[in-house]
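Heads up: the structure comes next, in structure tokens.
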Amino acid sequence: MSNYDFKEIETKWQNRWQESNSFKTVENDQPKYYVLEMFPYPSGKIHMGHVRNYSIGDVVARYKKMEGFNVLHPMGWDAFGLPAENAAIKHGIHPDGWTKKNIQEMKEQLNTLGLSYDWEREVATCSPDYYKWTQWLFLQFYNKGLAYKKESRVNWCPSCETVLANEQVVGGECERCDSKVGKKLLNQWYFKITDYAEELLKDIEKLEGWPEKVKTMQKNWIGKSEGAEIDFPIENSDKKLKVFTTRPDTIYGANYMVLAPEHPYVTELVAGTECEGAVNALIEKLQHMSDIERTSTEMEKEGLFIGHYCINPVSGERIPIYIANYVLIDYGTGAIMAVPAHDQRDMDFARKYNIKITPVIQPSDVEGELQLEDEAYDGDGIMVNSQEFNGLSNEEAYKKISEKIEALGVGNRTVSYRLRDWLLSRQRYWGTPIPIVYCDDCGTVPVKEEDLPLELPTDIEFKGKGLSPLTTSKTFMEATCPKCGKTAKRETDTMDTFVDSSWYFLRYADPKNTELPFKKESGNYWLSVDQYIGGVEHAILHLLYARFFTKVIKDLQLIDVDEPFKNLLTQGMVLKDGAKMSKSKGNVVSPDVIIEKYGADTARLFVLFAAPPERDLEWNDQGVEGCFRFLNRVWRLVMEAHENKMFDSVVTSPSKEDKNLKYMIHNTIKRVSEDIEGRFNFNTAISAVMELVNDLYKYKENNKENINGELYKEGVSTVIILLAPFAPHMTEELWSIINGEGSVHQLSWPKYDPQAVVKDEVEVVIQINGKVKDKIVVPADLSKEDLEKLAMNNEKIQSLINGATVVKVVAVPKKLVNIVVK
RNA sequence: GCCGCGGUGGCGGAACUGGCAGACGCAGCAGACUCAAAAUCUGCCGAUGGAAACAUCGUGGGGGUUCGAUUCCCUUCCGCGGCACCA
């Protein structure tokens, strides 16, 4: 018997699949199924996380194809980004060449895994064919007012002299040089994602196939708060201070006001007053602190009275105005009314600066005046110290006071979101250029659509410092105004790479289109993605941005769907020795090495068998060995039967064991189908097949002389077919050996025979006081009464009861009888 | 602090609607084959007591509902993840 030569088999079938274009997909009349794994950054080497991600996707793709769906299963490259540029700075090579080489290498590695991708749909975000449409989309956003430029404080690394994305700030430090990240006022491009905050929040409800965890994270990130905006007139000024509060019911307890130090009123108000020096000194101090330092909860609250007062618009009370580090300029209105009695932060501040504290809500379980030490009371209760609202519950007061504020014209109910607009400018070279020019006469002018793509120049110097490398390109910098034709300046920033990845799943629907990002009919045919698979680390940013883009693209009438991903599977990490595999820890297991030693089928089987997909997976070399052993066991089972012509043996009357085997075969089909379909429990699907293999070996051993060849072939074929999505090479080889022709992957997924999975005899447990005492085999359709009788008359049970009083008998047909005795 | 997830043998994990806890795999032990080893095959494999039959305990801890709880409820401890002065 020939050995399981995985190397030869895998190479052979990978070549055949490629030659015959097996995985090419075209739109047709079948129901479609779009399965997508998050595309990788082309670092050059795949790691076990990739193997896991793509193995999961490939099983789904192959399974759905056998189920009769027209499956779209594409792959591409999130190819812009920092590592390429860093490599350019370090080694003096061009990011383009570096990236292309990496793509080539990774593609070869992916192919050794036997993944069923339609490579004709491959996209790379760094290719001009692709980023042309990223730029085109940017222009559509711009025309709708959804891309705009504003000056704001952004993360700034003083050593690298560049802006950093929030994700590039790790613990307040620059991820590259570890220097402290500061803040700098810069003019940058933003996407107005806040315009879609409500829709992004509301539509989370539609995402039934998403993990609860991810939905909660998105909800928290969007952070909707209902409340009111209220104007507090400033004494001796015509200005009004607008604040946002979620507790308008506590307005009579507003003992002071706080402005964020950056609030535009501050400098104006203190100018020329005796507070000016001290206030400016504090602002100066706070400006040099990172956000992390400044807004940490451990940070002591710090502030200053600025010498002015507000008038409470409902009570007329005079309230001092402070600035303080704990109020943020970019949330709400950048100013608050502080209610120390009912807000812990305000309480802490008031205690520190000896500010009056007025309780306005009386807890129902407290007699007499509310005594507040250092704990604010944030619960419900009855209004006090609140003029005509005294005696109302605070819920009622919330309504009535809001109404009064609106009636007086001093404010209105509103909502506030924690979500901020998306800063997309990057002072980097290796990204999609922002298609904008600045003309002295016409101002900010978009590049004409027919001039796209605005290509990245190649005459660049990579110094790693200062302005965007694009400023060093003469060819790029020379621009003319699209409106008036005069010499103009180019935008030298590029886009955040999250922009590129926010629409790639749409491009796969029609990847070669030169007229549009994709044809509407193709987009509508393939989208939404039926199953999206990737790491949970993208739970917020990528998935939120992609949802935002899809909604805007729908509003641009380029597609009819409003959510990109119907179902989402967030796979766990691959760990070794309890920690994430990483070079610095030295616990990396290379996929190449595993494939070389055991083959791709074993590697795939292991990552799917060792843990359910959502959970972290602990790498185990011996576990891999076990999967390899199992595949060998299948190999021998099939080859032995084939070579000894066991399938040809004929029996005239099926034995009881034949019936059991038939049951096992069809029950396994049922279990595996349900495990894949329902919850992607690949680990239990595989163990079900293992059990069937064990049973087939036992059957063969017990029926040496009278094997039912037809049934045995059914069992063996079932093993091969059920395993096909998991171990595509070996099953293809075995199928061709026992059947001569045809591909196992072209078969229909088997349906179990409902007759075969009905047992006519079942084992029933007999318990006394909930403890198992005996087991009996009874007809499956035995009635409750007969079962009870049978159990009571059981000899062993009789002797155990031994005259004790039977209090109750619970009989559950097909399951158990529980006899309660005293 | 708030929100979410999890805690089951030596290990990874199973038990789907409350019904035999530990499927399947790994590791371990014993045996068969072999001059020997590898490979393969067979059996055992939660803890305690017992020669055994068997008994008792056992799904982080405590309590509850139930004939019956890994599963439902209350409470508590531990671990992981996210957000974090968001007014």
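Proteins come first, then strands; the chains are lettered A, B, ... in the order of their sequence lines, and each starts at number 1.
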Polar atoms only, N or O, under 3.5 Å: list the protein pairs with nucleotides 39-41 of chain B and their distances.
| residue | atom | partner | partner atom | Å |
| --- | --- | --- | --- | --- |
| B:rU40 | O3' | A:Arg636 | NH2 | 3.4 |
| B:rC41 | OP1 | A:Arg633 | NH1 | 2.6 |

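- Scanning for salt bridge (charged side-chain N to carboxylate O under 4.0 Å, His left out) contacts around A:Asp346 gives an empty result, with sequence neighbours left out.
- For A:His263, the ring pair (Phe, Tyr, Trp, His ring centres under 6.0 Å) test picks out A:Tyr265, with sequence neighbours left out.
- Listed by chain and residue number, A:Phe548 satisfy the ring pair (Phe, Tyr, Trp, His ring centres under 6.0 Å) test with A:Tyr196 (two or more places apart in sequence, or in another chain).
- At B:rA87, one or more side-chain N or O atoms of A:Ser225 fall inside 4.0 Å of OP1 or OP2 (strictly under the cut-off).
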In the 5'-to-3' direction, what one-character label does each nucleotide of nucleotides 52-60 of chain B receive under the scheme B = base within less than 4.0 Å of a protein heavy atom, S = sugar-phosphate only, - = no such atom? ---S-S---
Close N or O pairs between protein and nucleotides 80-83 of chain B (under 3.5 Å):
| residue | atom | partner | partner atom | Å |
| --- | --- | --- | --- | --- |
| B:rC83 | O2' | A:Arg418 | NH2 | 3.2 |

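- Atom CG of A:Asp621 is separated from atom C1' of B:rC11 by 14 Å (rounded to the nearest Å).
- Regarding A:Asn620, its CG atom lies at a distance of 8 Å from the P atom of B:rA27, rounded to whole Å.
- With sequence neighbours left out, A:Tyr256 forms a ring pair (Phe, Tyr, Trp, His ring centres under 6.0 Å) with A:Tyr322, A:Phe349.
- A:Ile204 CD1 to A:Lys215 NZ: the interatomic distance, rounded to the nearest 0.5 Å, is 8.5 Å.
- Rounded to a whole Å, the CZ atom of A:Phe628 is 13 Å from the P atom of B:rC26.
- In this entry B:rC67 has B:rG19 as its Watson-Crick or G-U wobble partner, both defining distances falling under 3.5 Å.
- Residue A:Lys808 places at least one side-chain N or O under 4.0 Å from the OP1 or OP2 atom of B:rC67.
- Atom-to-atom, CG of A:Leu286 to C1' of B:rC85 comes out at 13 Å; the value is rounded to the nearest Å.
- The side chain of A:Asn818 places no N or O atom within less than 4.0 Å of a non-bridging phosphate oxygen (OP1 or OP2) of B:rU66.
- For A:Tyr331 and B:rA87, the OH to P distance is 4 Å, given to the nearest whole Å.
- Side-chain nitrogen and oxygen atoms of A:Asn683 include at least one within less than 4.0 Å of the OP1 or OP2 phosphate oxygen of B:rA14.
- For the pair A:Phe606 CZ and B:rC26 C1', the computed distance is 9 Å after rounding to whole Å.
- By the ring pair (Phe, Tyr, Trp, His ring centres under 6.0 Å) test, A:Tyr190 is found to be paired with A:Tyr148, residues two or more places apart in sequence or in another chain being considered.
- Sorted by first and then second residue, the pairs that involve residues 623-635 of chain A and meet side-chain hydrogen bond (donor to acceptor under 3.5 Å, both in side chains), not counting sequence neighbours, are A:Tyr598-A:Glu625, A:Arg633-A:Asn694.
- The salt bridge (charged side-chain N to carboxylate O under 4.0 Å, His left out) search around A:Lys356 returns A:Glu317, not counting sequence neighbours.
- Annotation: cation-pi pair A:Lys242/A:Phe232 absent, no NZ/CZ under 6.0 Å from the ring centroid and within 45° of its normal.
- Taking the O4'-C1'-N9-C4 or O4'-C1'-N1-C2 dihedral as appropriate, B:rG9 has a value within 90° of 0 and is therefore syn.
- Here the C1' atom of nucleotide B:rC20 and the CD1 atom of A:Ile776 are 13 Å apart, to the nearest Å.
- Side-chain contact, A:Asp380 with A:Asn394: a donor N or O sits under 3.5 Å from an acceptor N or O.
- Comparing atom distances between the A:Thr245 side chain and each of B:rG25, B:rC20, B:rA87 picks out B:rA87 as nearest.
- Within the structure, the salt bridge (charged side-chain N to carboxylate O under 4.0 Å, His left out) test picks out no pair touching residues 605-624 of chain A (sequence neighbours left out).
- A:Lys670 is linked by a salt bridge (charged side-chain N to carboxylate O under 4.0 Å, His left out) to A:Glu674, counting only residues two or more places apart in sequence or in another chain.
- Following rounding to the nearest Å, A:Ile222 (CD1) and B:rC3 (C1') show an atom-to-atom distance of 15 Å.
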